[in-house]
Amino acid sequence: VASSARLLAKEEEGASEAVRTALERDGVAFAAPARLVDVQRNDGGLYRAPFGLYECTVEAPDGSRRVLQAEAVLNATGRVPNTGSLALHRAGVALASTGGIATDSELCTANPDIYAAGDCLPGPDRFTHAAEWQARAAVRNAFLGEALDAQRLLVPRATYTDPEVAA
């Protein structure tokens, strides 16, 4: 079940189709675009993580629903900044519309004494190696007076699939 009409939406279309075809050959069924409405475990309540018997109700864009059966369920909902309970406005730190901390290209917030890096930023690059570079840049900018531009960071990523996809 995927909200996007295409598997691996960030990859080239041909690579996306190759992986989908291989997975379908292996017995994986797709409902896309669709949204998961409900999941029920139907094996007497015995817990044998993650495998069991599941009934997954999915809803298509037209509102129609169907039930899929599965032996395992993987919940991959993505990542979002978790800044809501920090009361950052009290420190003069503004949030972007996505909930991440708004910064300039040098990772300085609306409060010139506060810099931000990592998963609390609104950008798409929520990877450990990107957060580490951002933290190093923020420290150098804040304490050494440098002007490292975080927007110039090229972030490699990997898509782990079988068959393999180069990204």
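In this chain, residues are counted from 1 in sequence order.
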* Asked: Should we say atom CG of N82 is surrounded by more than 12 heavy atoms from elsewhere, each under 6.0 Å from it?
  ->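 Not buried by this count: 12 neighbours or fewer within 6.0 Å.
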* Inspect the surroundings of CG in L154 and state if more than 12 heavy atoms from other residues, nucleotides or ligands are less than 6.0 Å away. =>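 No, because the 6.0 Å sphere around CG of L154 holds 12 heavy atoms or fewer from other groups.
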Show every donor-acceptor pair shorter than 3.5 Å between a side-chain atom in residues 83-97 and any protein atom, with sequence neighbours excluded, or say none if there are none.
from: T83; atom 1: OG1; to: G99; atom 2: O; distance (Å): 2.4

* Considering residues at least two apart in sequence or located in another chain, which fulfil the side chain to side chain donor-acceptor pair (under 3.5 Å) criterion with R136? ->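 R136 satisfies side chain to side chain donor-acceptor pair (under 3.5 Å) with E132 once adjacent residues are dropped.
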* To do: With sequence neighbours excluded, tell me which residues meet side chain to side chain donor-acceptor pair (under 3.5 Å) with D113.
  =>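 For D113 there are no side chain to side chain donor-acceptor pair (under 3.5 Å) partners, ignoring immediate neighbours.
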So, taking the atom named [atom1] in [X] and the one named [atom2] in [Y], what distance separates them when rounded to the nearest 0.5 Å?
| X | Y | atom1 | atom2 | value |
| --- | --- | --- | --- | --- |
| L153 | S105 | CG | OG | 12.5 Å |
| Y115 | I101 | OH | CD1 | 14.0 Å |
| E55 | L68 | CD | CG | 10.0 Å |
| Q69 | Y54 | CD | OH | 13.5 Å |

* Minimum heavy-atom distance C120-A117, with the two atoms named ->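 In terms of heavy atoms, the two residues are closest at SG-O, 3.4 Å.
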Counting only pairs under 3.5 Å, give me each side-chain donor-acceptor contact of residues 19-40, with atom names and distances, residues two or more places apart or in other chains.
from: R20; atom 1: NE; to: E24; atom 2: OE2; distance (Å): 3.1
from: T21; atom 1: OG1; to: E17; atom 2: O; distance (Å): 2.9
from: R35; atom 1: NE; to: E59; atom 2: OE1; distance (Å): 3.2
from: R35; atom 1: NH2; to: E59; atom 2: OE1; distance (Å): 3.2
from: D38; atom 1: OD1; to: Q40; atom 2: NE2; distance (Å): 3.3
from: D38; atom 1: OD2; to: Q40; atom 2: NE2; distance (Å): 3.1

* Asked: Taking the hydrophobic residues Ile, Leu, Val, Met, Phe, Trp and Tyr, and joining any pair whose side-chain heavy atoms are under 4.5 Å apart, which ones share a cluster with Y160?
  ->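 Hydrophobic cluster check, Y160: no partners found.
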* Asked: After noting the C-alpha distance and the side-chain angles of L107 and Q134, does the key distance pass the side-chain contact (heavy atoms from CB on, under 4.5 Å) rule?
  -> CA-CA 8 Å; L107 301 172; Q134 292 166 351; 4.0 Å; yes
* To do: Output yes when a side-chain donor or acceptor of S16 lies under 3.5 Å from a complementary backbone atom of A9, and no otherwise.
  =>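 Checking the backbone N and O of A9 against the side chain of S16, no donor-acceptor pair under 3.5 Å is found.
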* Between S64 and D62, is any side-chain donor less than 3.5 angstrom from a side-chain acceptor? ->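 Yes, because at least one side-chain N or O of S64 sits under 3.5 Å from a partner of the opposite role on D62.
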* Counterpart residues, salt bridge (charged side-chain N to carboxylate O under 4.0 Å, His left out), relative to E146 (two or more places apart) ->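 E146: salt bridge (charged side-chain N to carboxylate O under 4.0 Å, His left out) contacts with R140.
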* Asked: Does any non-hydrogen side-chain atom of V73 lie less than 4.5 Å from one of C56?
  ->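 A side-chain contact exists here, since the closest heavy-atom pair is under 4.5 Å.
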